Amino acid sequence: MMSSNDRISLPVSDPQLKGDQRLFKGSTMTSRGAYAALSYMSCAVMLVLFNKAALSSYNFPSANVITLCQIICSCSFLYILRRCKVISFSSGETDNSTGLVSLQTVVQTSPLALTYLLYMLATMESVRGVNVPMYTTLRRTTVVFTMFVEFILVGQKYTRSVIGSVALIVFGAFVAGSRDLSFDAYGYSIVFLSNITTAIYLATISRIGKTSGLNSFGLMWCNGILCGPVLLLWTFIRGDLQMTMNFPYLFAPGFLFVLLLSCMLAFLLNYSIFLNTTLNSAVTQTICGNLKDLFTITLGWIFFGGLPFDLLNVIGQLLGFVGSGLYAYFKLFGK
């Protein structure tokens, strides 16, 4: 039987151990950081496809209920794994207890839950008033807001090469959406509000992850137990729970299978978001979100169909992809 010190565990934070080597000489990204970034992009692409299947193929009426199911499953997974001593909630590598998180620590992480709820609500509302091309265009500017928030909160500064790659991403986004420049003041305001809340949420993960003493699993646990009851009340007030009970395919095996995989992928996605943001940075997390969009759009078009072919949109997407690739190159080689 292996001792507790020999047990293999998932990476949950950046321990800065000697064994955590940089990918390349002069690199600013560790091997664990690269693993976290790739894991996030893979989970994000697959989760979009399964959420799309639940909401479109089965015409499930409420995205909020799916989010609530994902939070409940996530907390359940974390509770079981913690009680079985498979994972730890603290950043210490020698924590062998089965305890959860103290009330004081939960209160300390409450800003994370607040920013998550604001981010979630603003993101859901932002898709209503703006069409797809302009939504994609405006959401790509999130990276600029994230850089600004990180500079305000932690004084993070960036090299010219990183700023140039970000500028290329934003330019590509506006090229992609240039066919449709119809102005909707309310819609644009909500999308920019979504960008700001996204930036604050990611920067809060980065900051609290370094000061709370919790690892990625601990942050997920606190976020879930704080956000779950609020979202449950929200879905009850909006009538989403009643619509769910009247959903004709609620107990259909195919729908339950899709929902289960969606919940499992959401758990892995949240883990990889917290891990990627704490190991790397909030900006790197945002760039990874842009980078995976190309694969999401391609697979979504293959499986679910999409917008008609538009050369400017394709050029803009490719410019954004190149900009994201350059950012990854500068991070890997420390440029």
Side-chain angles (χ1 to χ4, degrees), residues 10 12 39-40 43-44 46-55 58 60-83 86-87 89 100-101 103 105-125 127 194 197-198 200-202 204-205 208-209 212 214-245 247 250 255-278 285 289:
L10 292 171
V12 291
S39 297
Y40 160 72
C43 291
M46 290 188 291
L47 181 60
V48 167
L49 296 180
F50 280 102
N51 284 345
K52 178 71 173 176
L55 294 171
Y58 284 95
F60 188 71
S62 176
N64 286 335
V65 172
I66 290 181
T67 303
L68 178 62
C69 291
Q70 292 170 348
I71 290 178
I72 293 174
C73 288
S74 176
C75 288
S76 300
F77 292 153
L78 290 171
Y79 181 83
I80 294 172
L81 292 174
R82 179 61 180 142
R83 287 301 186 187
V86 176
I87 62 173
F89 284 168
L100 299 176
V101 178
L103 179 60
T105 304
V106 172
V107 172
Q108 183 183 350
T109 62
S110 58
L112 179 62
L114 176 62
T115 56
Y116 172 77
L117 289 172
L118 292 175
Y119 147 75
M120 181 184 65
L121 294 175
T123 300
M124 288 183 177
E125 182 64 25
V127 300
S194 176
T197 55
T198 301
I200 294 175
Y201 172 58
L202 294 177
T204 303
I205 292 176
I208 292 182
S212 64
L214 298 174
N215 57 33
S216 299
F217 292 123
L219 293 174
M220 288 172 60
W221 171 258
C222 292
N223 194 51
I225 62 175
L226 288 173
C227 293
V230 176
L231 187 58
L232 177 61
L233 179 62
W234 177 256
T235 54
F236 176 77
I237 293 175
R238 286 174 53 93
D240 291 338
L241 293 181
Q242 184 63 40
M243 288 191 297
T244 300
M245 296 306 299
F247 180 59
L250 183 60
F255 173 75
L256 291 176
F257 178 72
V258 169
L259 183 62
L260 176 62
L261 288 180
S262 174
C263 291
M264 295 175 64
L265 284 170
F267 173 77
L268 295 175
L269 177 65
N270 286 329
Y271 166 66
S272 62
I273 288 175
F274 282 101
L275 189 64
N276 190 29
T277 305
T278 53
Q285 168 62 29

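Everything numeric in this text was worked out from a predicted model, so none of it was measured.
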Checklist entry - At what distance, to the nearest 0.5 angstrom, does OH of Tyr119 lie from CG of Leu202? => result 7.5 Å
Checklist entry - Out of curiosity, Ile205 CD1 to Thr109 OG1, how far, rounded to the nearest 0.5 Å? => result 11.5 Å
Checklist entry - Going by the angle between their ring planes, with limits at 30° and 60°, are Tyr201 and Phe274 parallel, tilted or perpendicular? => result perpendicular
Item to check | Nearest non-hydrogen partners of Pro229 and Gly224, listed with the distance | outcome: CD-O, 4.3 Å
Checklist entry - With sequence neighbours excluded, what pairs up with Leu117 under the side chain to side chain contact (heavy atoms under 4.5 Å, CB included) test? => result Met120, Cys227, Val230
Next on the checklist: How close do Cys75 and Ile225 get, counting heavy atoms only, and between which atoms?
Outcome noted: SG-N, 3.9 Å
Item to check | Minimum side-chain heavy-atom gap Ser74-Leu78 below 4.5 Å | outcome: yes
Checklist entry - Considering only heavy atoms from C-beta outward, does the side chain of Leu214 approach that of Ile208 to under 4.5 Å? => result no
Checklist entry - Which one of Tyr271, Phe89, Tyr79 satisfies the ring-ring contact (aromatic ring centres under 6.0 Å, His included) criterion with Phe217? => result Tyr271
Checklist entry - Backbone N or O of Ile72 within a donor-acceptor pair of the Ser76 side chain at under 3.5 Å? => result yes
Checklist outcome for this item: dist Leu226:CG -> Leu114:CG (nearest 0.5 Å) comes out at 10.0 Å
Next on the checklist: Please report the interatomic distance CG(Leu112) to CE(Met220), rounded to the nearest 0.5 Å.
Outcome noted: 11.5 Å
Item to check | Distance, nearest 0.5 Å, that separates CG of Asn223 from CG of Asn270 | outcome: 7.5 Å
Checklist entry - Do Pro61 and Phe247 touch side chain to side chain, with heavy atoms closer than 4.5 Å? => result yes
Checklist entry - Does any non-hydrogen side-chain atom of Thr115 lie less than 4.5 Å from one of Thr197? => result no
Checklist entry - Is the backbone N or O of Val106 less than 3.5 Å from a side-chain atom of Ser110, with the two atoms forming a donor-acceptor pair by type? => result no
Next on the checklist: Restricting to side-chain hydrogen bond (donor to acceptor under 3.5 Å, both in side chains), what partner residues turn up for Thr244, sequence neighbours left out?
Outcome noted: none
Next on the checklist: Over 60° means perpendicular and under 30° means parallel, so tell me whether Phe255 and Tyr58 are parallel, tilted or perpendicular.
Outcome noted: perpendicular
Checklist entry - Any idea which heavy atoms bring Met245 and Leu250 closest together, and the distance? => result CA-CD2, 4.3 Å
Item to check | Donor-acceptor contact present, side-chain Ser262 to main-chain Val258, <3.5 Å | outcome: no
Checklist entry - From Leu68 CG over to Asp240 CG, what is the distance, rounded to the nearest 0.5 angstrom? => result 9.5 Å
Checklist entry - What residues, two or more places apart in sequence or in another chain, satisfy side-chain hydrogen bond (donor to acceptor under 3.5 Å, both in side chains) together with Thr198? => result Arg139
Checklist entry - Would a 4.5 Å heavy-atom cut-off, applied to side chains only, mark Phe60 and Leu259 as touching? => result no
